Amino acid sequence: ATELLQKLSDKCFKKCVTSPGTSLGNSEQKCIAMCVDRYLDSWNVVSKSYVQRLQ
Amino acid sequence: ATELLQKLSDKCFKKCVTSPGTSLGNSEQKCIAMCVDRYLDSWNVVSKSYVQRLQ
Amino acid sequence: ATELLQKLSDKCFKKCVTSPGTSLGNSEQKCIAMCVDRYLDSWNVVSKSYVQRLQ
Amino acid sequence: QQKAQIQQQLHALTDVCWEKCMDKPRDKLDYRTESCISNCVERFMDTTKAIGVRLQQKYKEM
Amino acid sequence: QQKAQIQQQLHALTDVCWEKCMDKPRDKLDYRTESCISNCVERFMDTTKAIGVRLQQKYKEM
Amino acid sequence: QQKAQIQQQLHALTDVCWEKCMDKPRDKLDYRTESCISNCVERFMDTTKAIGVRLQQKYKEM
């Protein structure tokens, strides 16, 4: 879980915080939340496709 | 060898399959084959230059 | 220390030597020296901000 | 052990296909991105297979 | 052990914020780059915190 | 052990110089790419050497 947290921090920070200011703006916060959700969605799609392919 | 396979999959997929479709197209397949061959060539050039330099 | 050397070689080579020639040019050498110095500066700024934040 | 290996492959695939298919994250996983990811997984596995075959040819030639 | 973990976090932060804030290295660390790095560290830590909260919500929903 | 270290350096060098010199892979390794790679290896080693010297200076100053 720590590894996932580190990976997501890295990926979502790079995608959502383009020029870091004195606090996280509203749109940056929303982007981060969506980034986490979409990453987990993507993980599910990947798992499904991977398992289908192996069969 | 597994490590090389993983590395090459990663590199050659990124270089050759820009927008993944429902199958590997002909030019993508050619690109992948050339990508493997050129990577092995590059490895040889690197080894030669590296050894020459160390002498 | 070896790890830092490897990391800096990678980062500074990528930033400073855009098209590798038959020797390191003067501006490339300066860029590499500044790259090392600024990386160490950045490390210091990061450490300071990190410690302040943890308190 | 095999389970750990599969987990690791899923992580690698998610990374590759996330970079390939996801631009800015949106509020839903839209159809286009989802089919991009699922094609990405299959094409990546095709790529690995094709490279495996190619490497074996090369080893024989040596 | 905790010291090693902090060192590792400092390395990760320096990498992220160096890529984010440093274009071509110059002869001094100018003010703009310095405040970019220091904001970058704080916003990165905010990001990690926000993601931690989000992941816990998600685990509860499962 | 030293052999493993050299292998690892060759891997790292191939990665760096492949990214630096290879655009789209072609059917032959053309002369331009080949000399780019061989220059890349030498300049990378120069870079590592220069950085080693610089780091030692810095450590002395501390």
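Naming: A, B, ... by sequence-line order, numbering from 1 per chain. Quantities reported herein were computed from a predicted structural model and do not represent experimental measurements.
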- Task: Mind ranking C12(B), C16(B), G21(B) by heavy-atom pairs under 4.5 Å with chain D and telling me who comes out on top?
- Result: G21(B)
- Heavy-atom pairs under 4.5 Å with chain D, option from I32(B), L24(B), L40(B) with the top count: L24(B)
- Query: Any side-chain heavy atom of C40(D) within less than 4.5 Å of one from F13(B)?
  - Reply: yes
Scan the chain B/chain D interface and emit each donor-acceptor pair under 3.5 angstrom with its distance.
residue	atom	partner	partner atom	Å
S9(B)	OG	T48(D)	OG1	3.1
K14(B)	O	K20(D)	NZ	3.4
V17(B)	O	K20(D)	NZ	2.8
G21(B)	O	R43(D)	NE	3.0
T22(B)	O	R43(D)	NH2	2.4
D37(B)	OD1	R54(D)	NE	3.0
D37(B)	OD2	R54(D)	NH2	2.5

- Message: Show the nearest heavy-atom pair for residues P20(B) and C36(D), with the distance to one decimal.
- Response: CG-O, 4.0 Å
- Task: Select, from L55(D), V53(D), I51(D), the one with the greatest count of heavy-atom pairs under 4.5 Å involving chain B.
- Result: I51(D)
- Item | Proximity breakdown for V36(B) and chain D, heavy-atom pairs closer than 4.5 Å | side chain
